Amino acid sequence: MPADKASQPDDPGAPVGRRVVLGLLAAGAAGVLGGASIQRGLAAVLGPIGNHDPTGLIGLLPVGNTFRFYSVTRGAPRRDESNYRLDITGLVDTPRSHTLPELRALPQTTLVRDFQCVTGWRVPEVHWRGVRLADLLDGAGVKNTATAVRFTSFDGTYTESLTLDQARRDDVIVALEMIDGPVSHDHGGPVRLYVAPMYGYKSCKWLSGIELTSDVVPGYWERRGYSIDGWVGASNGRDDDPTS
Ligand SMILES: Nc1nc2c(c(=O)[nH]1)N[C@H]1C(S)=C(S)[C@@H](COP(=O)(O)O)O[C@H]1N2
Ligand SMILES: [Mo]
């Protein structure tokens, strides 16, 4: 592994090329077919586990946490109380910029729900806690010309979208906690989106922007072929359990 990458694990990177992305998708499919042993082999081939591997694409997180680390960039810069902001902009009455303490002071919702990546891995009954997206939208006042929400990440590259109706669901939260404590940096902390009824690609990590738009603006993976409506079991043809 090049030393410069090893010593700068948090640098945001340029988006990876399409060839690598396709390789990753193939790797995900292999994981579905071949089970955990192939997933472990894959992680070994791709490099160090748990943080940022040389590709910046995939790893396995520590024992007891069966999430895989996914990032289309080489990670993101670290943000904390001192510099984190969540901006709510676009078609709103009052644009907002929330600090971490402000988000923590708002009413919190707990969800215990599965996390399902469209490539086939699933983490059952994950504890999530945070602010309902609907509450944040109400706080800014959504103009009646808005029909959709666009999410941006401080990794500088990833984006996601929801319709306004989807965004207002009770099971869509701006998560401050995940698993057993604050959302870790690798999982998209300090704040990530969690869209419980949809595939993992909807749950934008390192969330920094919520923009109200007049139409759906397809997100990073949606421009690369994933369904804009990412309902688990009802799209992308990879899963058949609509209840999870
Ligand atoms: N900023 C950002 N958010 C992202 C992604 C990403 O590459 N960058 N990957 C998505 C996908 S496809 C999945 S399955 C989950 C993975 O979350 P995890 O890395 O916490 O396991 O994050 C989603 N959110
Ligand atoms: Mo995913």
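Indexing begins at 1, ligand by ligand and atom by atom, following the structure's order. We use all heavy atoms of the structure for the numbers below, so side chains are in, but hydrogens, waters and symmetry mates are not. What you are looking at is a predicted structure, and each value in this text was computed from that prediction instead of being measured.
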Contacting atoms of ligand 1, where contact means under 4.0 angstrom from a heavy atom of [X]:
X: Phe69; answer: 19 (O)
X: Cys117; answer: 14 (S)
X: Ser153; answer: 1 (N)
X: Ser71; answer: 6 (C), 7 (O)
X: Ser203; answer: 22 (O), 23 (C), 24 (N)
X: Trp206; answer: 1 (N)

From the options [options], select the one whose nearest heavy atom is closest to [atom].
atom: atom 10 (C) of ligand 1; options: Tyr158, Tyr70, Phe67; value: Tyr158
atom: atom 20 (O) of ligand 1; options: Arg68, His187, Glu160; value: His187
atom: atom 19 (O) of ligand 1; options: Met178, Gln116, Lys205; value: Lys205

So for ligand 1, is [X] a polar contact partner (N or O within less than 3.5 Å, distance only)?
X: Cys204; answer: no
X: Arg192; answer: yes
X: Asp155; answer: yes

Donor-acceptor side-chain pairing of [X] and [Y] below 3.5 angstrom:
X: Asp229; Y: Ser227; answer: no
X: Asp80; Y: Ser82; answer: yes
X: Arg129; Y: Gln108; answer: no

Have a look at ligand 1 and work out which part of [X], if any, has a heavy atom under 4.0 Å from it: side chain, backbone, both or neither.
X: Tyr199; result: neither
X: Ala76; result: neither
X: Tyr220; result: neither
X: Trp121; result: side chain

Describe, in one word, how the ring planes of [X] and [Y] are oriented to each other, choosing from parallel (under 30°), tilted (30 to 60°) and perpendicular (over 60°).
X: Tyr226; Y: Tyr201; answer: tilted
X: Phe67; Y: Trp128; answer: perpendicular
X: Trp121; Y: Phe115; answer: tilted

Over-ring placement of Arg68 relative to Tyr70, 6.0 Å and 45° cut-offs = no
Salt bridge flag under 4.0 Å for residues Asp171 and Arg169 | yes
Ion pair Glu81/Arg104, N-O distance below 4.0 Å = yes
Does Ser214 use its side chain to pair, donor to acceptor, with the backbone of Thr145 at less than 3.5 Å?
-> no
